[in-house]
Amino acid sequence: MNYQEEKKYIGHKDQLMKVKKIRMEDGKASGVEMVDVQNRSGMHFDVNISRGMDIPYLDFCGENIGFISPCGVVAPEYFDDKGLGFLKSFTAGFMTTCGLKVAGAPCEYEGTSYGLHGNLSHTPAEDVSYVIDENGETPCVVIRGTIRDAIIFGDKMSLNREICCYYKDRKITVRDKVKNEGFKKVRQMILYHCNIGYPILTPDSEVYIPALETKARNEHAQEGIANWMHPEVADSDYEEMCYYHKLKPDENNHSKVAIFNPELDLGIAIEIDLSTLDNLVQWKMMGAGDYVMGLEPANSTIDGIEDAVNNGSMKYLEPGEVKEYNLTFHILKGREEFEDVKNL
């Protein structure tokens, strides 16, 4: 039966698809507002409208997909934007958005200090709306909002986000439009910190990144470059490793990366529009209690503003210019779907 036919058998559309605004009440999460979504496929996720419209929780039929850091969900007022202070309230979650003025390592540039990963993920959204669009045979949850990253006497940017998922689809689409709201040319960096955790990520999980070229971020990562694609057992002494990958494009200039757990027969793929997200950072952290692999589409490198300017990866927006970024997250159910991703 399609959606319209199924409606004859229900009292309320919540039986088939739900979207609800919720508010957290405990600890450092107190006051955080989210939009909670569940569709007919068995997919469930939350959009944190208090924190940059990021996606902290994603699960499928009860199996967790993302990595939740030890600090959990933290309200934006606890944000420390100095140096590595970001980590004190870094939920990680399934997706954290980094930018818009800096994404990556803390740095100083032209007399201004920038903290790790910028301010975007700690900024509450404005003009938020959420609705189940029932037009046509396939209803869709649509969540929209705007996050502003602007300062007097400085750069003025905004991000307009639309998150969408259809009735029975095991996928989420994210469409972002970043605009230079000011009257001077600005630097613009963005990174989608997508974090895969247990039980999707285990030592037996398979990592797929169709890399044309792979570079270690530093000497320590170079020591492990032969095993960049292999998760390992949790190790309390593990030191993180990061790699830059140049992805192989398909005929639409898209690419997909994925992690698949053969024991669960379940995985996650990230479809990336390479026309604007032309860098992929892999964060490999096999620490005990910090067991996570980040697959992080970005528009630049992440070793500071000066480094990105010098290596040519820095992007710019002219006054009034808008740049669009598109991602689709696909939940993979079964080996065949994982192999299909690999065969594209």
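Bear in mind that the values here come from a model prediction, so they are computed numbers and not experimental data.
Remark: side-chain polar atoms of N180 are paired, donor with acceptor, to backbone N or O of L317 under 3.5 angstrom. A donor-acceptor pair under 3.5 Å links the side-chain atoms of N195 to the main chain of A92, judged by distance alone. Side-chain atoms of Y243 do not come within 3.5 Å of backbone N or O of L280 as any donor-acceptor pair. Distance alone, capped at 3.5 Å, is enough to place a donor-acceptor pair between the S313 side chain and the T301 backbone. With S41 contributing its side chain and M43 its backbone, the two residues share a donor-acceptor pair below 3.5 Å. A donor-acceptor pair is defined here as one N or O able to donate and one able to accept, closer than 3.5 Å; no such pair exists between the side chain of D290 and the backbone of Y238. Put simply, the side chain of N39 gets close to the backbone of D169: a donor and an acceptor are under 3.5 Å apart. Checking side-chain atoms of S255 against main-chain N and O of K248 turns up a donor-acceptor pair under 3.5 Å. Between the D36 side chain and the K20 main chain, no donor and acceptor come within less than 3.5 Å of each other. K156 places a side-chain N or O within 3.5 Å of a backbone atom of G154 that can act as its donor or acceptor partner.
Residues satisfying the side chain to side chain donor-acceptor pair (under 3.5 Å) test with W228, not counting sequence neighbours, are none. Residues satisfying the salt bridge (charged side-chain N to carboxylate O under 4.0 Å, His left out) test with R335, not counting sequence neighbours, are E206, E339. The side chain to side chain donor-acceptor pair (under 3.5 Å) test applied to E77 returns no partner, not counting sequence neighbours. Legend: residues meeting side chain to side chain donor-acceptor pair (under 3.5 Å) with N135, ordered by chain and number and at least two apart, are D133. Residues satisfying the ring-ring contact (aromatic ring centres under 6.0 Å, His included) test with F90, not counting sequence neighbours, are F86, H193. For H254, there are no ring-ring contact (aromatic ring centres under 6.0 Å, His included) partners at least two apart in sequence or on another chain.
Rounding to the nearest 0.5 Å gives a distance of 11.0 Å between CH2 of W283 and CE of M293. Taking CG from N279 and CG from L274, the interatomic distance works out to 10.0 Å, rounded to the nearest 0.5 Å. How far CG of L120 is from CZ of R161: 7.0 Å, rounded to the nearest 0.5 Å. Between atom CD1 of residue I225 and atom CD of residue E223 there is a gap of 11.5 Å, rounded to the nearest 0.5 Å. To the nearest 0.5 Å, atom CG of residue L327 and atom NZ of residue K171 are 13.5 Å apart. Taken from CD in E63 to CD1 in I331, the straight-line distance is 11.5 Å, to the nearest 0.5 Å.
In this structure, E263 and T202 have side chains that are not in contact, with every pair of non-hydrogen atoms separated by 4.5 Å or more. The shortest side-chain heavy-atom distance between M17 and C165 falls under the 4.5 Å cut-off. Two residues are said to be in side-chain contact when any heavy atoms from C-beta on lie closer than 4.5 Å; C71 and K88 fail this criterion. In this structure, the side chains of T91 and D54 stay at 4.5 Å or more apart for every pair of heavy atoms. Looking only at side-chain heavy atoms (C-beta outward), N261 and D204 stay at 4.5 Å or farther from each other. L159 is not listed as a side-chain neighbour of M53, based on a closest heavy-atom distance of 4.5 Å or more. Side-chain atoms of I302 and Y244, non-hydrogen and from C-beta on, do get closer than 4.5 Å to each other. When side chains are defined from C-beta on, N227 counts as touching K284, because their heavy atoms get closer than 4.5 Å.
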Point to revise | Check against salt bridge (Lys or Arg N to Asp or Glu O under 4.0 Å), D250 and K256 | key: CA-CA 9 Å; D250 64 14; K256 286 184 180 179; over 6 Å; no
Review point. Yes or no on salt bridge (Lys or Arg N to Asp or Glu O under 4.0 Å) for K7 and E134, after CA distance, side-chain angles and deciding distance?
Key: CA-CA 11 Å; K7 285 181 69 175; E134 294 186 279; 3.2 Å; yes
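With hydrogens and angles left out, the side-chain atoms of R51 and S89 include no donor and acceptor closer than 3.5 Å.
Closest approach of Q4 to N2, counting heavy atoms only: N-OD1, 3.2 Å.
A ring pair (Phe, Tyr, Trp, His ring centres under 6.0 Å) check over residues 317-336, counting only residues at least two apart or in different chains, returns the pairs F94-F329. Sorted by first and then second residue, the salt bridge (Lys or Arg N to Asp or Glu O under 4.0 Å) pairs with a member in residues 93-115 read K101-D149, E110-R187; sequence neighbours excluded.
Grouping Ile, Leu, Val, Met, Phe, Trp and Tyr by side-chain contacts under 4.5 Å, direct or through others, leaves Y198 on its own. Hydrophobic clustering, defined by side-chain heavy atoms of Ile, Leu, Val, Met, Phe, Trp and Tyr closer than 4.5 Å, groups Y316 together with V102, Y109, Y114, M189, I305, V309, M314. If you chain together ILVMFWY residues whose side-chain heavy atoms come under 4.5 Å of each other, L332 ends up grouped with Y208, F260, F338, V341. Hydrophobic clustering, defined by side-chain heavy atoms of Ile, Leu, Val, Met, Phe, Trp and Tyr closer than 4.5 Å, groups M34 together with I22, M24, V32, Y57, I68, V73.
Within a 6.0 Å sphere centred on NZ of K168, other residues, nucleotides and ligands contribute more than 12 heavy atoms. Within a 6.0 Å sphere centred on CG of D26, other residues, nucleotides and ligands contribute 12 heavy atoms or fewer. The 12-atom threshold is exceeded at CD of E5, counting heavy atoms of other residues, nucleotides or ligands nearer than 6.0 Å. Crowding of E321 atom CD: a count of heavy atoms from other residues, nucleotides or ligands under 6.0 Å exceeding 12. Within 6.0 Å of NZ on K177 lie no more than 12 heavy atoms contributed by other residues, nucleotides or ligands.
Following chains of ILVMFWY side-chain contacts shorter than 4.5 Å, one cannot reach F67 starting from L191, and the two form parts of different hydrophobic clusters.
When I55, D59, L58 are each tested for a side-chain contact (heavy atoms from CB on, under 4.5 Å) with I65, only one passes: L58.
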